[in-house]
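Note sheet for the following structure.
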Protein chains: 2
Amino acid sequence: MSRTSYLDVKAAILEQIRSGALRPGDTVPGEERLAGEFGCARVTVNRALRELAEAGVVERRRKAGTRVLDPTPRDAEMEIPSVRAEIEATGNPYRYELLARQIAPPPRPVREGLGLIPGIRALHLTCRHWAGACVHQLEDRWINLDVVPTARAADFRAHGPNDWLIQAMPLSRVEHVFSAQNATGEEAELLQIEPGAAIFVTERRTWIEGRAITRARLMHPGATHRLAARTLPPI
Amino acid sequence: MSRTSYLDVKAAILEQIRSGALRPGDTVPGEERLAGEFGCARVTVNRALRELAEAGVVERRRKAGTRVLDPTPRDAEMEIPSVRAEIEATGNPYRYELLARQIAPPPRPVREGLGLIPGIRALHLTCRHWAGACVHQLEDRWINLDVVPTARAADFRAHGPNDWLIQAMPLSRVEHVFSAQNATGEEAELLQIEPGAAIFVTERRTWIEGRAITRARLMHPGATHRLAARTLPPI
DNA sequence: TGACGTATTATGTGCATACATATTATCGAT
DNA sequence: ATCGATAATATGTATGCACATAATACGTCA
């Protein structure tokens, strides 16, 4: 029997978060307590919690203890805030609109992106996010109902699917691919811009434990949209 | 007199890299040795080096020791490879072309982005990066000669300014802002695309110790350009 | 009652030590 | 000379201990 590693502690706590035993806002037991439970030294627990804090999973404050964070604002290097927060930060009122919702077999590129067998149906949503009187984002999303069956029953008329998914599936892996494209006629109409105007397209795919959850194509008017990323030097 | 912190060790080693005393490829002295020099425990040096390794500054291998890494491929989350590597990865031959070079007072937005006093002149470069027969990137760059006076003497006809700057100024802070725009007539001509076609624009600014080094506007044909970012889950 | 100082508490970090593990170097046998 | 076992070495990490630091809780005094 080997000794308890800080990796064991880390994995155990992550598992508790994934399973819902620890929810955002909850306080993780203190280092001393956990060290007792795991039968290891406090420093070992310390390292596990420290790395979880670095990863943005928990927040630590002296005396106050360790609290599970909201999974939203994950990494500082590549900050992709929720659409709502992004818009409200500019002072504009945010409005969400569900344009279409159906369950259908996705087109081939989407199907392959989600790793689905041909013929399998998925949830298809089209939404619009407004910043005041301007369209900020047009969202075309497919959700893998095999992985997230509860999405079938979810009501996306009041709240966007992204917020819902972040709630339902924390700690997932995300891939973003950005590109610039000329808006098609339909896209231009929905975005309230001229056909052919440059749009900034984000293709976002999300996995949990190797299984694709969702694939979203997010379109923004190119003239107004800005995406920033900072790489900080060590220290 | 307080004890030596792992932060002190980290800062000292970073300083040696910045100053050039430790160059990429060099081997950092062993933990035991450094612990002796700094008058601290080996665990303290270990933590400093471990964090530097996590930050991508050094590479550690058992028995082999700790080596300073090339500053290029800094962070895995937001991988922005050198243009050359990016193109050669696709199998296309890379070609670099210097279109213009002059020393002039920059226009106001650039001047403010670089934090320069009005009237101060800076190095202005225009370059093109080819992937085979296609233009991959059109680069419009200003370099702050106050911070990098050696750039005045550098010859940018054979190699691009980005490679040169990475060599000359390691460990700097970088900010990227991405957007989609419609190409102007001039831009379209240089990029060999139709006027009005969507272009993917990266605005990159680089600082070292709070001073702006350079500001580049990188334009790519939107149809072909892709930028990917991944956020990995903890563990 | 309210302000302020002190006790309490949880995390942060350093040290000496011990052992684990990966990798290279070395040396001997074939 | 080649292969393989073994030694040497640098990093990886667990432990017990001590003290530092930040923040809250709480009790005392005006």
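Naming convention: chains lettered A, B, ... in sequence-line order (proteins, then strands); numbering from 1 in each chain.
For the pair R47(B) and dT13(C), the criterion of a side-chain N or O lying under 4.0 Å from OP1 or OP2 is met. Dashed line: the shortest gap from a side-chain N or O of T44(B) to OP1 or OP2 of dT13(C) is not under 4.0 Å. Between Y6(A) and dA14(D) there is no side-chain polar atom (N or O) within less than 4.0 angstrom of OP1 or OP2. One finds a side-chain N or O of R61(B) lying less than 4.0 angstrom from the OP1 or OP2 phosphate oxygen of dT24(C). Phosphate contact (OP1/OP2 of dA14(D), side-chain N/O of S5(A), threshold under 4.0 Å): present. Side-chain N/O atoms of T4(A) include none lying less than 4.0 angstrom from OP1 or OP2 on dA14(D).
When rounded to the nearest whole Å, the span between CG of D8(A) and C1' of dT13(D) equals 12 Å. Distance E51(A) CD to dT11(C) C1': 16 Å, rounded to the nearest Å. Taking atom CZ of residue R60(B) and atom P of nucleotide dT9(D), one finds them 18 Å apart after rounding to whole Å. One atom, CZ of R42(B), and another, C1' of dT9(D), lie 11 Å apart when rounded to the nearest Å. Nucleotide dA14(D) holds its C1' atom 12 Å from the CZ atom of R50(B), rounded to whole Å. Atoms CG (N46(A)) and P (dT13(D)) sit 14 Å apart, rounded to a whole Å. Between L49(B) atom CG and dG12(D) atom C1' there is a gap of 12 Å when expressed in whole angstrom units. If you take CZ of R3(B) and P of dC17(D), they are 16 Å apart, rounded to a whole angstrom.
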Name every donor-acceptor pair, under 3.5 Å, that has one atom in a side chain of residues 36-45 of chain B and the other anywhere in the protein, sequence neighbours excluded.
| from | atom 1 | to | atom 2 | distance (Å) |
| --- | --- | --- | --- | --- |
| E37(B) | OE2 | R33(B) | NE | 3.1 |
| R42(B) | NH1 | E31(B) | OE1 | 2.5 |

Return a table of donor-acceptor pairs under 3.5 angstrom between the side chains of residues 149-157 of chain B and protein atoms on other chains or two or more places apart.
| from | atom 1 | to | atom 2 | distance (Å) |
| --- | --- | --- | --- | --- |
| D155(B) | OD1 | R157(B) | N | 3.0 |
| D155(B) | OD1 | R157(B) | NE | 3.0 |

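Listed by chain and number, the residues in a salt bridge (charged side-chain N to carboxylate O under 4.0 Å, His left out) with E97(A) are R128(A) (sequence neighbours excluded). Every side chain to side chain contact (heavy atoms under 4.5 Å, CB included) that R211(A) has, sequence neighbours left out, goes to D146(A), V147(A). Checked against side chain to side chain contact (heavy atoms under 4.5 Å, CB included), R95(B) has the following partners two or more places apart in sequence or in another chain: W130(B). The side chain to side chain contact (heavy atoms under 4.5 Å, CB included) search around A64(A) returns R61(A), not counting sequence neighbours. Annotation: salt bridge (charged side-chain N to carboxylate O under 4.0 Å, His left out) contacts of E112(B) (sequence neighbours excluded): R108(B). By the salt bridge (charged side-chain N to carboxylate O under 4.0 Å, His left out) test, E54(A) pairs with no residue at all, sequence neighbours left out. Annotation: side chain to side chain contact (heavy atoms under 4.5 Å, CB included) contacts of A21(A) (sequence neighbours excluded): Q16(A), S19(A).
Helix bend of the helix from dT1(C)-dA30(D) to dT30(C)-dA1(D): the angle between its two end axes, each built from five pairs, comes to 0° after rounding to 10°.
Nearest to the side chain of R62(B), among dT11(D), dT15(D), dT13(D), sits dT11(D).
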With the criterion being N/O to N/O and under 3.5 Å, what pairs connect the protein with nucleotides 3-8 of chain D, and how long is each?
none

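Ring-plane geometry between H220(B) and H136(B) is classed as perpendicular, the angle between the planes exceeding 60 degrees on a 0 to 90 degree scale with a lower cut at 30.
Near DNA chain C, meaning a heavy atom under 4.0 Å away, there are no residues from residues 28-39 of chain B.
Using a 4.5 Å heavy-atom threshold, the side chains of E139(B) and P161(B) count as touching.
Distance check: F178(A) CZ to L218(A) CG gives 9.5 Å after rounding to the nearest 0.5 Å.
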